[in-house]
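Below, all heavy atoms of this structure are taken into account, side chains as well, without hydrogens, waters or symmetry copies.
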Amino acid sequence: MNKQQVTVGLGERSYPIVIQPGVLHLVGQDIAARKIAKRFGIISDDYVAALYGDTLLQSLADAGVGAELVTFPRGEASKNLQTIATLASELAGRGFDRGDGLIALGGGVSGDMAGFLASIYMRGIPFVQIPTTLLSQVDSSVGGKTGVDIPEGKNLVGTFYQPQAVYIDPDVLKTLPEKEILGGLAEVIKYGVIWDADFFNFLDRQRGNILALREDAVIPLIARCCEIKAQVVEQDEREGGLRRILNFGHTIGHAVEAASGFSLIHGLAIGIGMRAAADLAVLGGHLAKEEAARIRRLLEEYGLPVIIPSTLDRTAIKQFLLADKKTIGGRVFFVLPEAIGRVRVTDEVDKAHIDEVLDRA
Ligand code: GLY
C-alpha cells in the first residue's frame with residue numbers, strides 16, 4: 001500500500017495527514033473536496049517555488065481551485081517579522097480576504113511562517129501544509145507550532161495554530177541534499193527513543209532501505225512519526241507537559257546549534273544532543289549504559305555526528321543552555337531516557353554531569 005493516512009484528533013480542529021508518493025500532483029482534488037478556501041496563497045521560498053510551484057499550481061487549477069505563489073528569499077534569515085509584514089502586504093495587495101487560505105510549500109521555515117501568517121492575517125485564515133523536507137514531514141508540519149525568529153532568539157514569536165490538512169509526498173525527498181535527510185533522520189530516531197522501542201528496532205533493521213529512500217521503508221517511517229506526534233499533540237496541544245518530550249535532544253542540541261552560529265544544521269545538532277542526553281541519563285542513574293550505547297550506535301550507523309566539534313566553545317554552549325526558550329523560571333529542563341521508548345522530563349541534573357557529557361568523545 002503506497003498511501004497512508006494519519007489523523008490528528010483535536011475535536012473540531014482535527015485534520016488528516018496524507019502520505020502518498022506523487023501527492024503533490026494530486027492534491028488539488030482533495031483540497032477542493034474539503035472546501036477549505038476559495039483561493040490560496042502558496043507561501044514558498046524562491047528555490048522550492050521553482051522546483052514544485054508549477055506542479056502544485058497545475059494540480060489546484062485542474063481541480064478548479066484558484067492559487068497564486070507568494071515567495072520569499074530562501075533561508076532561516078527570512079524567518080522574521082519583516083518577511084511576515086511583506087507577505088501580508090503582498091496578500092492584501094492581491095485582494096486576499098477572509099474567504100481565502102494559505103498553503104505552506106517547503107521546509108520548516110515556510111511552514112512556520114505560513115502558519116504564523118495564517119493565524120494572524122485577517123485575524124486568522126485556514127492553511128494547509130505541504131512539507132518538502134524530511135524534518136518538516138516528520139515533525140514541524142504536524143502539531144500547529146508556528147512562528148518566526150527575533151534577534152533575541154529562534155521561534156520566540158509565534159502561535160499554536162493547526163492546519164486543515166497536511167500532504168506529504170515522499171518523492172520530493174529524492175531532490176533533498178543528503179545532509180538534510182540526515183538531519184531529518186535524527187528527529188525520526190528521536191521518536192523511537194521517546195515513545196516506541198519497536199520503531200527504534202525498525203529503524204535499526206531497515207537502515208539500508210531507509211537511507212536508500214525506498215518507498216516501502218520511508219512511507220511507514222513517515223506515517224509512524226506522524227502517528228506518534230499526533231498522539232502526543234492530542235494529549236498536550238500547547239506544551240503544558242507531555243509535548244515537552246518532543247524536545248528530547250533539543251536542550252543541549254539547540255545550545256550546540258547556536259554556539260556553532262547555526263553552521264551545524266538543526267537535525268545534526270539534535271543528534272549530538274540526543275547522545276548527550278542519553279549519557280546524562282546514565283550518569284544520573286536513570287538509564288542502563290547498554291541502552292545509551294544502543295542509541296549512540298544507531299545515530300552513528302546512520303552517519304550522524306554524536307560528539308561536539310572541538311572547535312565549539314564549551315562556555316558559549318553553557319550560556320546558550322541557560323538562554324534556551326524552553327527554560328522556565330531560570331530552570332533548564334532535560335528530556336532523559338529511562339529506556340528506549342520511554343523518557344522523563346527533569347530539571348534535576350548535576351552541573352558536573354553536563355560538563356562531562358559536553359566533553360565526551
Ligand atoms: N517540534 C516539537 C513540537 O512540535 O512540539
A.B. asks: Got a donor-acceptor contact below 3.5 angstrom from the D46 side chain to the R74 backbone?
C.D. replies: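 Looks like yes, one N/O pair under 3.5 Å.
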A.B. asks: Side chains of L102 and L91: closer than 4.5 Å at any heavy-atom pair?
C.D. replies: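 They are in side-chain contact.
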A.B. asks: How close do A67 and R39 get, heavy atom to heavy atom, and via which atoms?
C.D. replies: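 Shortest heavy-atom separation between A67 and R39 comes out as N-CG, 4.5 Å.
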A.B. asks: With D236, which residues qualify under side chain to side chain donor-acceptor pair (under 3.5 Å), at least two apart?
C.D. replies: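 For D236 there are no side chain to side chain donor-acceptor pair (under 3.5 Å) partners, ignoring immediate neighbours.
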A.B. asks: Would the distance check show the side chain of T159 and the main-chain N or O of T146 forming a donor-acceptor pair, the cut-off being under 3.5 Å?
C.D. replies: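 Not at all, since once roles are kept as given, no pair shorter than 3.5 Å links the two residues.
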A.B. asks: Tell me every residue that passes salt bridge (Lys or Arg N to Asp or Glu O under 4.0 Å) with D54, counting only those two or more places apart in sequence or in another chain.
C.D. replies: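 Checked D54 against salt bridge (Lys or Arg N to Asp or Glu O under 4.0 Å); zero matches.
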A.B. asks: If you look at every heavy atom in D45 and V48, which pair is closest and at what distance?
C.D. replies: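 Nearest heavy atoms, D45 then V48: OD1-N, 2.7 Å.
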A.B. asks: Where the side chain of E239 meets the backbone of R244, is there a donor-acceptor pair that is under 3.5 Å apart?
C.D. replies: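 No; zero donor-acceptor contacts below 3.5 Å.
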A.B. asks: Distance-only check: which donor-acceptor pairs under 3.5 Å involve side-chain atoms of residues 269-277, not counting sequence neighbours?
C.D. replies:
from : atom 1 : to   : atom 2 : distance (Å)
R275 : NE     : V306 : O      : 2.7
R275 : NH1    : D279 : OD2    : 2.8
R275 : NH1    : V357 : O      : 3.2
R275 : NH2    : V306 : O      : 3.2
R275 : NH2    : V357 : O      : 3.3

A.B. asks: Closer than 3.5 angstrom, by distance alone: can the side chain of T346 be matched with the main-chain N or O of E348 as a donor-acceptor pair?
C.D. replies: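 Yes.
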A.B. asks: Less than 4.5 Å apart, side chain to side chain, heavy atoms only: is that true for F320 and E257?
C.D. replies: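 No. Closest side-chain heavy atoms not under 4.5 Å.
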A.B. asks: Does G9 offer a backbone N or O that forms a donor-acceptor pair with the side chain of E234 under 3.5 Å?
C.D. replies: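 Looks like yes, one N/O pair under 3.5 Å.
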A.B. asks: Would you please name every residue forming a side chain to side chain donor-acceptor pair (under 3.5 Å) with R297, sequence neighbours left out?
C.D. replies: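 For R297 there are no side chain to side chain donor-acceptor pair (under 3.5 Å) partners, ignoring immediate neighbours.
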A.B. asks: Under 3.5 Å, is there a donor-acceptor pair between the Q164 and Q129 side chains?
C.D. replies: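 No - no donor-acceptor pair under 3.5 Å links their side chains.
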A.B. asks: If only atom types and distance count, is the side chain of S89 paired as donor or acceptor with the main-chain N or O of A85 below 3.5 Å?
C.D. replies: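 Confirmed, S89 side chain pairs with A85 backbone.
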A.B. asks: Would you call K145-D112 a salt bridge at under 4.0 Å N-O?
C.D. replies: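 Salt bridge absent between K145 and D112.
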A.B. asks: Given 3.5 Å as the limit, does a donor-acceptor pair link the side chain of S119 with the main chain of F116, or not?
C.D. replies: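 A pair under 3.5 Å: yes.
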A.B. asks: Under a 4.0 Å threshold between the charged nitrogen and the carboxylate oxygen, would K154 count as salt-bridged to D149?
C.D. replies: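 K154 and D149: not salt-bridged.
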A.B. asks: Please determine whether salt bridge (charged side-chain N to carboxylate O under 4.0 Å, His left out) holds for the pair R207 and E301, giving the CA-CA distance in whole Å, both sets of side-chain angles, and the decisive distance to 0.1 Å.
C.D. replies: CA-CA 8 Å; R207 182 165 47 87; E301 282 174 356; 3.8 Å; yes
A.B. asks: Give the minimum heavy-atom separation between C225 and V138, together with the two atoms involved.
C.D. replies: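 It is CB-CB, 3.8 Å.
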A.B. asks: For the residue pair V142 and I17, establish whether any side-chain heavy-atom pair is separated by less than 4.5 Å.
C.D. replies: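 Of all side-chain heavy-atom pairs linking I17 with V142, at least one is under 4.5 Å.
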A.B. asks: Report, one line per pair, each donor and acceptor closer than 3.5 Å where one atom sits in a side chain of residues 18-32; sequence neighbours left out.
C.D. replies:
from : atom 1 : to   : atom 2 : distance (Å)
D30  : OD2    : R34  : NE     : 2.7
D30  : OD2    : R34  : NH2    : 3.3
D30  : OD2    : Y167 : OH     : 2.5

A.B. asks: Let me check something: do V256 and I295 share a hydrophobic cluster, defined by ILVMFWY side-chain heavy atoms less than 4.5 Å apart, either directly or through other members?
C.D. replies: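 Yes; I295 is reachable from V256 via cluster members.
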A.B. asks: Let me see the working for V65 and F40 under side chain to side chain contact (heavy atoms under 4.5 Å, CB included), right down to the final yes or no.
C.D. replies: CA-CA 8 Å; V65 180; F40 287 93; 3.6 Å; yes
A.B. asks: Could you give me the CA-CA distance, side-chain angles and deciding distance for R294 and E290, then say whether salt bridge (charged side-chain N to carboxylate O under 4.0 Å, His left out) is met?
C.D. replies: CA-CA 6 Å; R294 283 188 69 207; E290 299 69 37; over 6 Å; no
A.B. asks: State, to 0.1 Å, how close Y191 and K229 come at their nearest heavy-atom pair, and which atoms those are.
C.D. replies: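 Y191 and K229 have their closest heavy atoms at OH-CD, 3.3 Å.
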A.B. asks: Taking ring-ring contact (aromatic ring centres under 6.0 Å, His included) as the test, write out the residues that go with F72, two or more places apart.
C.D. replies: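 With neighbours one apart ignored, the set is empty.
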A.B. asks: For K351, which residues count as a salt bridge (Lys or Arg N to Asp or Glu O under 4.0 Å) partner, sequence neighbours excluded?
C.D. replies: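 Partners of K351 under the salt bridge (Lys or Arg N to Asp or Glu O under 4.0 Å) test: none.
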A.B. asks: Begin from the C-alpha positions of T83 and S78 and carry the test side chain to side chain donor-acceptor pair (under 3.5 Å) through to its verdict.
C.D. replies: CA-CA 6 Å; T83 310; S78 284; 4.6 Å; no
A.B. asks: Is there a side-chain contact between R314 and I308, using heavy atoms and a 4.5 Å cut-off?
C.D. replies: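 Yes - at least one pair of side-chain heavy atoms lies under 4.5 Å apart.
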A.B. asks: If the condition is salt bridge (Lys or Arg N to Asp or Glu O under 4.0 Å), which residues does D355 pass it with, not counting sequence neighbours?
C.D. replies: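 For D355, the residues satisfying salt bridge (Lys or Arg N to Asp or Glu O under 4.0 Å) (neighbours in sequence not counted) are K318.
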A.B. asks: What verdict does the side chain to side chain contact (heavy atoms under 4.5 Å, CB included) test give for D347 and V332, after you've listed the backbone C-alpha separation in whole Å, the side-chain angles of each residue and the deciding distance to 0.1 Å?
C.D. replies: CA-CA 6 Å; D347 65 340; V332 184; over 6 Å; no
A.B. asks: Closest heavy-atom contact between I354 and L321?
C.D. replies: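 Looking at all heavy atoms of both residues, the closest pair is CG2-CD1, 3.9 Å.
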A.B. asks: Side chain of Y121, backbone of A92: donor and acceptor closer than 3.5 Å?
C.D. replies: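 Yes; judged by distance alone, with no hydrogens or angles, the pair exists.
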A.B. asks: Counting heavy atoms not belonging to R214, are there more than 12 under 6.0 Å from its CZ?
C.D. replies: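 Open.
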A.B. asks: With sequence neighbours excluded, what pairs up with D62 under the salt bridge (Lys or Arg N to Asp or Glu O under 4.0 Å) test?
C.D. replies: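 If we apply the salt bridge (Lys or Arg N to Asp or Glu O under 4.0 Å) test to D62, skipping adjacent residues, there are no hits.
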A.B. asks: I'd like to check the side chain to side chain donor-acceptor pair (under 3.5 Å) partners of T133; sequence neighbours left out, ordered by chain and number.
C.D. replies: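 In terms of side chain to side chain donor-acceptor pair (under 3.5 Å), with neighbours along the sequence ignored, T133 is linked to S136.
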A.B. asks: Tell me whether K38 is salt-bridged to D97, with the criterion being a basic N under 4.0 Å from an acidic carboxylate O.
C.D. replies: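 Looking at K38 and D97, the cut-off is met.
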A.B. asks: Is there a chain of hydrophobic side chains (I, L, V, M, F, W, Y, each step under 4.5 Å between heavy atoms) that links Y47 to I181?
C.D. replies: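 No, Y47 does not connect to I181 through the hydrophobic network.
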A.B. asks: Any side-chain heavy atom of T7 within less than 4.5 Å of one from E227?
C.D. replies: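 Not in contact.
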A.B. asks: Less than 4.0 angstrom from a charged side-chain N to a carboxylate O is my criterion; do R94 and E68 meet it?
C.D. replies: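 Counted as a salt bridge, because a side-chain N and a carboxylate O are separated by less than 4.0 Å.
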A.B. asks: Taking all atoms of both residues into account, what is the closest heavy-atom pair of L221 and L185, and its distance?
C.D. replies: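 Heavy atoms of L221 and L185 come nearest at CD1-CD2, 4.4 Å.
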A.B. asks: Hey, does the side chain of S44 reach the backbone of T71 with a donor-acceptor pair shorter than 3.5 angstrom?
C.D. replies: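 Here the side-chain-to-backbone pair does not exist.
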A.B. asks: Not counting sequence neighbours, which residues clear ring-ring contact (aromatic ring centres under 6.0 Å, His included) with Y52? List them please.
C.D. replies: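 If we apply the ring-ring contact (aromatic ring centres under 6.0 Å, His included) test to Y52, skipping adjacent residues, there are no hits.
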A.B. asks: Would you call K174 and D171 a salt bridge, using N to O less than 4.0 angstrom?
C.D. replies: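 Here K174 pairs with D171 in a salt bridge, since their nearest N and O are under 4.0 Å apart.
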A.B. asks: Taking the side chain from N80 and the backbone from A77, do they hold a donor-acceptor pair closer than 3.5 Å?
C.D. replies: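 At least one qualifying donor-acceptor pair exists.
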A.B. asks: Filter on ring pair (Phe, Tyr, Trp, His ring centres under 6.0 Å), then keep only pairs touching residues 265-306, sequence neighbours left out; what's left?
C.D. replies: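 Listed by first then second residue: H250-H266, H254-H266.
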